[in-house]
Amino acid sequence: MKEKLYPFEDIEKKWQAYWLGTGLFHMDPKSRRDKYYCLVMFPYPSGKLHVGHGRNYIIGDAIARYKIMKGYNVLAPMGWDAFGLPAENAAIKGGLHPKESTLNNITAMKSQLSRWGVGYDWTREVTSCLPDYYKWTQWIFLKLFKKGLAYRKKAAVNWCPSCNTVLANEQVVNNLCERCDSRVVDKDLEQWFFKITDYAQQILDDLTGLKSWPERVKTMQANWIGKSEGVDIDFPVEGEDFNITCFTTRVDTIFGATYMVIAPEHPDVPRLIKNSAGEQDILKFINSAKAQSRMSRFSDESEKKGIFTGRYVINPVNKNRIPLWIANYVFMEYGTGAVMAVPAHDQRDFDFAKKYHLDVRVVIDDPRAPSAAQPGMNVAYIEDGVMINSGQFNTLPNKSAAGKIAGWMEVEGIGRRSVHFKLRDWLISRQRYWGAPIPIVYCDKCGVVAVPEEDLPVLLPDKVDFKPHGKSPLSGVEDFVNTKCPKCGKKALRETDTMDTFVDSSWYFLRYLSPKNGDSAFDKDIVDKWLPVDQYIGGVEHAILHLLYSRFITKVLADLGFVGFKEPFRALFTQGMIIKDGAKMSKSKGNVVSPDELIIKYGADTVRLYTLFIGPPEKDAEWNDRAVEGAYRFLGRLWKLTSRVNDTERGKNGPGPGDRILERKMHQTIKKVTRDIEVDFKFNTAISAVMELVNRVYTAVENGDTYYAKEAVTNTVLLLSPFVPHVAEELWQRLGNRPSIFSQPWPVYSESKAREESLVLPVMVNGKLRAKIEVDDTASEEQVKAAALADSKVNGYIKSACVKKVIVVAKKLVNIVI
RNA sequence: GCCGAGAUGGCGGAACUGGCAUACGCGUCGGUCUCAAAAACCGAUGAUCGCAAGGUCAUGUGGGUUCAAUUCCCACUCUCGGCACCA
């Protein structure tokens with residue numbers, strides 16, 4: 001073991017205890033200072049944190065400490081997203097009970113967090129698997145249920161016939177069960193949904209107001225919601241008295257529809273094919289499409305396949321008789337589950353038409369090459385153009401025709417404008433043990449009955465057989481299942497599904513404000529004061545689901561009057577992942593780097609500094625164990641430098657030129673670090689700026705320019721304190737100041753002292769760097785130009801050539817074009 | 001496949017609003033110290049041609065705009081994240 005560069009072990013212990021004692025991270029509810037709610041996404045207690053997780057908490061901690069120094073009343077809470085699949089899977093394999101393993105993991109991770117020096121208000125800790133938390137998750141379910149926003153319908157799950165159990169998507173690999181390699185099939189079960197689609201428009205619209213969210217996250221959410229405006233068109237079924245309605249965004253192509261395709265699950269399928277000649281073949285096709293399961297639609301080999309029903313529908317605009325097909329590429333979940341196919345103007349339809357020899361009818365003509373888009377074409381014409389073969393709409397540009405056709409259809413009663421979303425309702429049922437029980441009772445007489453609020457929580461029983469037996473684990477617990485109907489008092493059965501863990505995590509940020517409140521989920525007055533969260537920090541992998549669900553639940557609670565705001569997170573920062581050996585750090589890949597050994601070897605501050613220095617926090621970054629040493633060396637250098645400047649005095653003669661250089665650098669550094677933190681949390685460049693300053697102080701001290709040395713080091717320590725709090729606190733004290741450094745205001749710079757007096761400008765000839773000239777800061781454009789042209793080196797390049805143009809960019813460069 | 005992001009030395013990365021490409025750190029090489037090594041400290045370090053002065057080439061690939069492009073535009077390749085039951 002090599003010698004330590006500084007006694008980080010003692011220092012870190014000492015100051016961690018000190019902060020705990022002084023309550024540095026305790027939010028003061030009575031404070032008059034401005035509030036700042038700094039929230040990091042609470043972790044799933046998976047066992048041990050690795051340095052990849054650490055990035056999230058270190059960034060959050062740096063921001064919290066910075067804001068404390070900026071004078072805010074900071075709330076930085078922490079909790080545990082403690083329900084979930086891994087704990088249950090471990091129990092099935094014969095491990096500990098999920099409750100036990102989860103609580104063990106929490107203890108372990110909590111101690112890891114404190115060793116990292118990340119501070120939280122632990123008096124506000126929440127744990128989603130404990131009854132005092134999930135009671136209120138159940139309460140939220142009841143609120144949605146009573147509002148008509150929770151409902152039951154059949155939906156498919158991944159089913160492994162061999163294991164006799166439901167599988168998570170993650171447990172399905174290439175359509176096979178990860179445990180036994182059996183082919184996974186879809187199985188329809190009656191399940192609970194939250195009607196998030198009712199809020200689709202609002203969730204979409206309110207994205208606009210989220211000014212401090214990353215653009216990419218907003219785009220992803222908008223695309224996920226997937227609003228499209230178009231027309232629902234009714235196609236009468238030949239020989240029947242009902243219509244099939246299809247949704248199209250391209251109503252301008254309606255005259256070109258040559259066939260219709262519906263989803264295998266379309267509700268009209270049975271009556272359409274009943275007793276038909278091809279019934280058996282069609283059923284076979286449908287079964288194989290369903291057996292393909294929802295999982296395989298992402299796989300590339302999934303070919304577009306279809307089968308003719310033998311039936312025809314009538315295109316309502318021109319009474320054309322068009323064949324009705326069933327195909328695996330139409331989904332019941334989107335639109336109406338029926339698509340009018342226009343092969344001439346849609347590539348997917350075109351490919352399908354070619355494959356099955358269906359008609360292609362051109363209705364939009366390419367204006368640049370009229371009549372070029374004709375049969376015989378080998379790709380669909382998807383550009384704009386002029387309407388042809390479209391009755392009274394011929395000769396119109398297709399864009400304006402679309403509106404006219406829609407209007408005409410509404411008048412004729414054959415179609416109507418409509419809006420569809422890709423967003424589907426949120427399936428919250430899980431046939432699992434380790435989740436919050438859904439507070440519902442089924443009574444033969446009264447039907448589906450909500451558990452009364454006063455009977456909450458519906459406790460999760462401890463004694464459960466985890467081994468799969470074809471049903472939800474809770475259904476095997478007699479005491480749990482058998483209950484009395486809250487309405488009529490007769491025998492009734494409990495719902496045995498539990499809730500998706502995303503429900504738990506969609507409201508935890510409200511619970512932090514009154515974590516021990518036994519009377520309500522949260523207190524409206526306090527929550528209204530502290531929300532929305534000022535800064536939310538977490539991984540970009542949550543860009544869609546978690547952030548969408550949280551926004552939805554918040555809006556529901558707002559509509560019910562429980563909260564006075566519609567968006568939970570004012571600002572969002574999504575940090576990148578830590579990569580090791582080219583892959584995301586994860587236990588299963590075996591490439592995790594544990595912080596524990598690194599902290600023992602170099603101290604927490606080194607790990608923190610390296611984590612922040614590794615790269616721009618919003619981007620992925622490759623972890624390098626060797627490079628951690630660089631951060632350690634830097635802290636060692638700073639330690640030595642501090643004792644070196646500690647007893648330097650300001651000379652009587654005042655600052656010399658060398659001192660002024662250091663003074664300027666010091667002000668420039670304060671400026672840059674502050675800016676880097678305020679704008680986008682660019683900790684990596686902030687730290688490199690401080691490193692430059694430290695290098696400069698060394699040079700200055702070597703040269704005997706010590707006038708500003710101590711001041712510069714003092715500011716260095718202040719600037720670094722959010723990043724390396726322990727060593728900063730220690731050096732702050734050693735520099736003769738009273739703790740805590742976090743009760744100090746953030747340093748300020750002077751613009752005039754940061755300004756350079758003279759500039760070195762590059763001079764380019766024909767875009768190539770040829771010379772550098774030194775000019776005064778205040779030099780005019782003409783003066784700069786003259787100086788450049790007078791330069792001997794420059795003249796060597798110009799020689800006798802004629803100077804065409806001289807471009808002077810103020811304070812940047814000179815370019816001479818010859 | 002669809003949606004989103006990214007690609008800069010041997011490596012992590014920097015570059016404000018189109019203006020000196022490679023800051024800062026790692027690694028490597030050379031030196032100081034040492035009996036020696038480690039640590040620490042000092043110096044060099046994009047590639048290439050050249051004794052040198054200096055030249056040429058370089059920001060995933062191919063085009064374009066511009067006095068000037070890592071930055072803007074078009075086309076492409078590869079990598080990563082998400083795709084609704086991992087969280």
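Values below: every heavy atom of this structure, side chains too, minus hydrogens, waters and symmetry copies. Letters go in sequence order (proteins before strands), and every chain restarts at 1.
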Only pairs with both distances under 3.5 Å count, Watson-Crick or wobble alike; so what is the partner of B:C51 in this structure?
none
Would you classify A:S505 as touching base, sugar-phosphate or nothing, given that sugar-phosphate means primed atoms plus P, OP1 and OP2, and contacts are heavy atoms under 4.0 Å?
nothing
Taking any heavy-atom pair under 4.0 Å as a contact, classify A:A621: base, sugar-phosphate, or nothing.
sugar-phosphate
Looking at B:C24, B:C85, B:C42, which one has an atom nearest to any side-chain atom of A:R432?
B:C85
If you measure from the P atom in B:G64 to the same atom in B:U70, how many Å do you get, rounded?
15 Å
Given B:G6, B:C86, B:G55, the nucleotide with the shortest approach to the side chain of A:K619:
B:G6
Suppose you measure atom C1' in B:C72 against the same atom in B:C83; what distance do you get, rounded to whole Å?
32 Å
Are A:R608 and A:F723 in a cation-pi setup, meaning NZ or CZ lies under 6.0 angstrom from the ring centre and within 45 degrees of the ring axis?
no
Under 4.0 Å, heavy atoms only, any strand: does A:R348 hit a base, just the sugar-phosphate, or nothing?
nothing
With nearest nucleotide decided by heavy atoms, which residue, A:K672 or A:G630, maps closer to the 5′ end of RNA chain B?
A:K672
Is there a Watson-Crick or G-U wobble partner for B:A15 with both distances under 3.5 Å, and if so, which one is it?
none
Pair A:E702 + A:R644: basic N to acidic O under 4.0 Å
yes
When we call it a touch if two heavy atoms are under 4.0 Å apart, what does A:D620 touch: a base, just sugar-phosphate, or nothing?
sugar-phosphate
Please determine which of A:S128, A:P43, A:C129 meets the side-chain contact (heavy atoms from CB on, under 4.5 Å) test together with A:W80.
A:P43
Donor/acceptor link under 3.5 angstrom from A:Q191 side chain onto base of B:C85
yes
With a non-hydrogen cut-off below 4.0 angstrom, is A:N766 in contact with a base, only sugar-phosphate, or nothing?
nothing
For B:A69, give its Watson-Crick or G-U wobble partner with both distances under 3.5 Å, or none.
none
Residue whose nearest RNA chain B nucleotide is more 5′ - A:Y698 or A:V628:
A:V628
For A:K471, I'd like to know if atom NZ has over 12 heavy atoms of other residues, nucleotides or ligands within 6.0 Å.
no
Do the charged groups of A:E215 and A:K218 touch, with an N to O distance under 4.0 Å?
yes
Measuring only the C1' atom in each nucleotide, how far is B:C26 from B:A14? A whole number of Å is fine.
15 Å
Would you mind pulling out the nucleotide paired to B:U59, Watson-Crick or G-U wobble, both distances under 3.5 Å?
none
Reckon A:M577 touches a base, only the sugar-phosphate, or nothing at all at heavy-atom distances under 4.0 Å?
sugar-phosphate
Using a 4.0 Å heavy-atom cut-off across all strands, classify A:W623 as base, sugar-phosphate, or nothing.
nothing
What integer number of Å spans the C1' atoms of B:G46 and B:A36?
36 Å
Identify which nucleotide among B:C67, B:A87, B:C86 has an atom closest to any side-chain atom of A:H542, counting heavy atoms from C-beta outward.
B:A87
Looking at A:K665 and A:E692, is there a salt bridge between them, counting it only when a charged N and a carboxylate O are closer than 4.0 Å?
yes
Indicate whether OP1 or OP2 belonging to B:A5 is found under 4.0 Å from a side-chain N or O atom of A:R216.
no
Taking atom CG of A:N174 as the centre, report whether more than 12 heavy atoms of other residues, nucleotides or ligands fall under 6.0 Å from it.
no
Hey, can you tell me if A:Y433 and A:F466 have their rings parallel, tilted or perpendicular (30° and 60° cut-offs)?
perpendicular
Looking at every strand, decide which applies to A:F502 at a 4.0 Å heavy-atom threshold: base, sugar-phosphate, or nothing.
base
A:L85 near the nucleic acid: base, sugar-phosphate alone, or nothing, with a heavy-atom cut-off under 4.0 Å?
sugar-phosphate
Any strand is fair game: report the nucleotide pairing with B:U34 by Watson-Crick or G-U wobble, both distances under 3.5 Å, or none.
none
If we call it a pair only when both distances are under 3.5 Å in a Watson-Crick or G-U wobble match, what pairs with B:G27?
B:U45
Could you work out the separation of B:C35 and B:C49 based on their P atoms and round it to a whole Å?
42 Å
Go through B:A87, B:G4, B:G19 for me and flag the one nearest to the A:D81 side chain.
B:A87
Base-pairing assignment for B:G81 (Watson-Crick or G-U wobble, both under 3.5 Å):
B:C3
For the side chain of A:L5, starting at C-beta, report the closest nucleotide among B:C85, B:C24, B:A40.
B:A40
Report yes or no: is there a donor-acceptor pair, N or O only, under 3.5 Å between the side chain of A:Q431 and the base of B:C85?
yes
Considering only side-chain heavy atoms of A:E541, which listed nucleotide, B:G19, B:G81, B:C85, is closest?
B:G81
A:Y6 OH to B:A39 P: how many Å, rounded?
19 Å
From the list B:C83, B:C24, B:A40, which nucleotide is the closest neighbour of the side chain of A:K640?
B:A40
Side-chain contact check for A:N624: nearest option of B:C24, B:C26, B:C85 is B:C26
Return the polar atom pairs (N/O with N/O) between nucleotides 20-22 of chain B and the protein under 3.5 Å, or none.
residue : atom : partner : partner atom : Å
B:C20   : O2   : A:K772  : NZ           : 2.5
B:C20   : N3   : A:K772  : NZ           : 3.3

Does B:U22 have a Watson-Crick or wobble partner in any strand here, with both distances under 3.5 angstrom, and which is it?
none
Need one value for A:R633: base, sugar-phosphate or nothing, where a base atom within 4.0 Å counts as base even if backbone is also close, heavy atoms only.
sugar-phosphate
Side-chain N or O of A:N695 less than 4.0 angstrom from OP1 or OP2 on B:G25?
yes
Qualifying residue, where the test is side-chain contact (heavy atoms from CB on, under 4.5 Å) with A:V503 and the options are A:Y134, A:W426, A:F141:
A:W426
Taking N and O atoms by type only, does the side chain of A:N223 place a donor or acceptor under 3.5 Å from a partner on the base of B:C3?
no
When you compare B:U66 with B:C73, how far apart are their P atoms, in angstrom units rounded to a whole number?
16 Å
With C1' as the reference atom in both, quote the distance from B:U48 to B:A37 in angstrom, rounded to an integer.
37 Å
For A:A627, answer base if it contacts any base atom (sugar-phosphate contacts may also be present), sugar-phosphate if it contacts only those atoms, and nothing otherwise; contact means non-hydrogen atoms under 4.0 Å.
sugar-phosphate
Residue A:F613, side-chain atoms from C-beta onward, closest of B:G81, B:C24, B:A87:
B:C24
Scan A:P43 against the nucleic acid and name what it touches under 4.0 Å (heavy atoms): base, sugar-phosphate only, or nothing.
nothing
Can you say whether a donor on the side chain of A:R626 sits under 3.5 Å from an acceptor on the base of B:C11, or the other way round?
no
Using atom C1' of each nucleotide, how far apart are B:U22 and B:G13 to the nearest Å?
9 Å
Parallel, tilted or perpendicular: rings of A:F193 and A:Y151 (30°, 60°)
parallel
With a non-hydrogen cut-off below 4.0 angstrom, is A:K422 in contact with a base, only sugar-phosphate, or nothing?
base
Should A:E495 and A:R152 be marked as a side-chain contact (heavy atoms from CB on, under 4.5 Å) after you check the CA-CA gap, both sets of side-chain angles, and the distance that decides it?
CA-CA 12 Å; A:E495 167 67 65; A:R152 291 215 306 164; 4.3 Å; yes
Yes or no on side-chain contact (heavy atoms from CB on, under 4.5 Å) for A:I225 and A:K422, after CA distance, side-chain angles and deciding distance?
CA-CA 5 Å; A:I225 296 165; A:K422 281 210 184 78; over 6 Å; no
Syn-anti status, with the boundary at 90° from 0, for the nucleotide B:G9
syn
Selection from B:G4, B:C80, B:A15 that lies nearest to any side-chain heavy atom of A:T685
B:A15
